[in-house]
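Here is the structure we will look at.
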2 protein chains.
Amino acid sequence: MERVTATYHIETALPVAKAAATLAGEQSSGTFVAVPGETAELKARFAARVERITELDSVAIPSLPTGRPLAASYRRAEVVVSWSVENFGPNLPTLVSTLQGNLYELAQFSGLKLVDFDVPPGFAAAFRGPAFGIAGCRRLTGVTGRPLIGTIIKPSIGLSPDQTAAMVKELVEAGIDFLKDDELMANPPHSPFDARVDAVMRVINDHAQRTGKKAMYAFNVSDELDAMSRHYDKVVATGGTCAMLSLNSVGLAAAKKICDRGQLAIHGHRNGWGMLNRHPLLGMEFPAYQKLWRLAGVDQLHVNGIANKFWEPDDSVVRSITACLAAEPLGKPLLPVVSSGQWGGQAPETFRRTRTTDLLYMAGGGIQAHPDGPAAGVESLRLWWQAATEGLDYDQSLARYPGLAKSAAKFGGPL
Amino acid sequence: MERVTATYHIETALPVAKAAATLAGEQSSGTFVAVPGETAELKARFAARVERITELDSVAIPSLPTGRPLAASYRRAEVVVSWSVENFGPNLPTLVSTLQGNLYELAQFSGLKLVDFDVPPGFAAAFRGPAFGIAGCRRLTGVTGRPLIGTIIKPSIGLSPDQTAAMVKELVEAGIDFLKDDELMANPPHSPFDARVDAVMRVINDHAQRTGKKAMYAFNVSDELDAMSRHYDKVVATGGTCAMLSLNSVGLAAAKKICDRGQLAIHGHRNGWGMLNRHPLLGMEFPAYQKLWRLAGVDQLHVNGIANKFWEPDDSVVRSITACLAAEPLGKPLLPVVSSGQWGGQAPETFRRTRTTDLLYMAGGGIQAHPDGPAAGVESLRLWWQAATEGLDYDQSLARYPGLAKSAAKFGGPL
């Protein structure tokens, strides 16, 4: 029988092999004493199996509270566990409960992080995954050979539909490829979703008719399920090409239901992600996270960016981009959404480290607060990327392209 | 305009007032430079407002990585922030994105935990909340004056529908009030959901017809949304009274969609909760968590138990029970589900600390592995609770009721 495998980083006061067996036991038998029905045959067929243990370092202080007396030391290890797919069937929420579930509460661990997991072909076959992905998003926007350049309508809240549309007009005339609602802007009384879509799509469709270039706008449909479906219908009906979901807030089953419709590219916003990832030994790593949403059918997923305004180190950002671009599972990469404090000056380092232009490269203030206005902001981002793909670093880019000086003066500084 | 308020514990190298302003700014304007559309009028109407700051202690070492050089010290504080309800409308996912969202990624914080939040009447009015709650679950099971006694079918995985039904038969004949699937058991090939419901409900309905006592069985409907709806229909059609959701795995919007149907009590399993809560300065506290699921319409919610097998301290368990039993929001308390390593011996301490019997008190091994069998296990739990509500402590209970000795010998030890 095919198996799902998962890799964890653990920290434990127990011998590592014993802790790993506890982990596997909690996610198979699940009680603190043997019960009558638990036969050897059942165990062999359905129990989680510890596949591999790699011991790492030890520390004196536990990373997380355990509710137990302090031990002499805490061992760290990488542990690989597997389950028969027979345990869940093609059911993403139950896969999540199996991979994560009660594990994070076990007193036997002072640290536990899901690093990555793999599903076998028989499981993956039940999922379509991204309906558009990188190729589809490029086709919808007509962008080749460089990242899609995107921006966020700011301020996050307070703008009326007409104010929003006026901003969109300026930005599409500036040549932007992609725009999005902020995650705080969904369907508030001062900017009802339908009115906003009507106002924005009028601008986008007019511009497309005149120029042949149709910007992709990710309308934030995040809401109760019926409202999300209505919002989705509205975007489709007005000729829109993308819907945005706050993935962690909406949740897996509802997000998949929306993705399953397949008429719009799905922009996956990961707000709340820090809660799941920021501690080095709690929660999950991005390679695992992106697989869940890829199976659910998300097309674009946020990864922060080089020198971002958040806490995340560049190494982690690079690893996230790589994870999105990997073919597996499903043979369908995700389009990484680079954002957070981006303005173009990070393009050389982004390209040097990832060697890809398959990105949606987003700047908010970095475009809209450009000294010469949004059109200059968009042009500056394209030029930074041109320099980056020519192999220039930051200083070389500025030397070769004097047009970049104003953005560097406004937003730059030592990277 | 009515406002939503939220309380956070924060840790920051910045002056606390500045950090609080950053928090509020990220969740209102949301970019790193001022943008043209951000007028004073918009700010006054839509910006988050820092309502109160209470400085606490300082520490030398940051609780979470910040991606920034080490500072001299890190200040801790409790901060209360508010938003106008005009920012979101009655939209739970967007409320979550506003309360949590990008905050956990801000480099300005080395710790951030959502402690609690309050919604104004105008927001709450859009939500029905628990369709059954404590009174409804008592009515469905016919239990008064003591906790509902429940158990989990174990092993978690591997049993066929007939094997499951055979266990259920033994347990309902033992007088159990409540049973549930494990969160790892949903709709696997070896125990298809419909076949399991048919087999189990035949037993429960037969027993109810003979005795007048109908046990509540929480079938784990957790799955993709359409499958959950079908599973829900199946439970209703066979006379079942309860469906279980793995809340974190299914997610908020799909869970609410299921709760909205209102024909079954919803058993909310919080597997994955440790990821959101275990670190003292990351994620969220249970009082906030239970409000989200109460607004979504969950009736029963897991809280662990006294002397549980997990890491959680008793104080935290007591606080969770208190949070579930609070009338607000909606004037509708949740039924706290006490579980994890419970066997009856914890009843005296549970009652002493909470003074309530409005509990679903669950024991897995604590019932099914009782030396004299499950019927003796159920009887022993009832007797422990009788002793507890008479005001007896652990030793006094054993002295007064010799029938408790066997459970204490098997499961007990110093509490």
Side-chain angles (χ1 to χ4, degrees), chain A residues 29-33 35 38 42 46 64 66-67 86-89 91 93-94 96-98 100-102 104-105 107 154-158 182-184 186-189 222-225 246 249-254 256-257 271-272 274-275 278-279 282-283 309-311 313 341 364-365 368-369, chain B residues 29-33 35 38 42 46 64 66-67 86-89 91 93-94 96-98 100-102 104-105 107 154-158 182-184 186-189 222-225 246 249-254 256-257 271-272 274-275 278-279 282-283 309-311 313 341 364-365 368-369:
Chain A
S29 156
T31 184
F32 68 112
V33 287
V35 292
E38 194 174 7
L42 282 184
F46 297 102
L64 294 171
T66 65
E86 195 181 3
N87 289 15
F88 14 84
N91 177 333
T94 299
V96 171
S97 290
T98 304
Q100 308 187 320
N102 286 336
Y104 299 101
E105 295 202 67
K154 300 276 180 180
S156 313
I157 46 175
D182 191 87
E183 72 272 17
L184 303 183
N187 185 26
S222 307
D223 207 321
E224 314 303 341
L225 189 72
S246 285
S249 305
V250 163
L252 194 55
K256 178 163 189 302
K257 180 71 179 164
N271 63 83
M275 176 159 48
R278 186 156 171 183
H279 189 281
L282 180 65
K309 69 174 178 175
F310 294 138
W311 79 280
Q368 295 169 54
Chain B
S29 156
T31 183
F32 67 112
V33 288
V35 290
E38 195 173 7
L42 282 184
F46 297 103
L64 294 171
T66 65
E86 195 182 2
N87 289 16
F88 13 84
N91 178 334
T94 300
V96 171
S97 289
T98 303
Q100 307 186 321
N102 286 335
Y104 299 102
E105 295 203 69
K154 300 276 180 181
S156 313
I157 46 174
D182 190 87
E183 73 273 16
L184 303 183
N187 186 27
S222 307
D223 207 321
E224 315 301 340
L225 188 73
S246 285
S249 305
V250 163
L252 193 56
K256 179 166 189 299
K257 180 73 180 164
N271 63 82
M275 176 160 47
R278 185 156 172 185
H279 190 280
L282 181 64
K309 70 174 179 175
F310 294 138
W311 78 280
Q368 296 168 54

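Chain A is the first sequence line, chain B the second, and so forth, proteins listed ahead of strands; every chain is numbered from 1. These numbers come from a predicted model, not from an experiment.
- Between chain A and the options B:Ala186, B:Gly251, B:Gly89, B:Pro188, heavy-atom pairs under 4.5 Å are most frequent for B:Pro188.
- In terms of heavy atoms, A:Asp223 sits closest to B:Pro93 at O-CG, 3.5 Å.
- To the nearest 0.5 Å, atom CG of residue B:Asn102 and atom CG of residue A:Leu184 are 8.0 Å apart.
- Interface check for chain A: of the options B:Gly67, B:Pro313, B:Gly272, B:Gly283, the most heavy-atom pairs under 4.5 Å are formed by B:Gly272.
- A distance of 11.5 Å separates OG in A:Ser246 from CG in B:Leu252, rounded to the nearest 0.5 Å.
- With rounding to the nearest 0.5 angstrom, the CD atom of B:Glu224 is 8.5 Å from the OG1 atom of A:Thr94.
- Between B:Gln100 and A:Asn271 the shortest side-chain heavy-atom distance does not fall below 4.5 Å.
- For the set B:Ser249, B:Gly274, B:Ala254, the count of heavy-atom pairs under 4.5 angstrom toward chain A peaks at B:Ser249.
- Here the shortest heavy-atom pairing between B:Thr66 and A:Arg278 reads CA-NH2, 3.7 Å.
- The greatest number of non-hydrogen atom pairs below 4.5 Å with chain A, out of B:Thr98, B:Leu225, B:Val96, is found for B:Leu225.
- For the atom pair A:Tyr104 OH and B:Met275 CE, the distance stands at 4.5 Å (nearest 0.5 Å).
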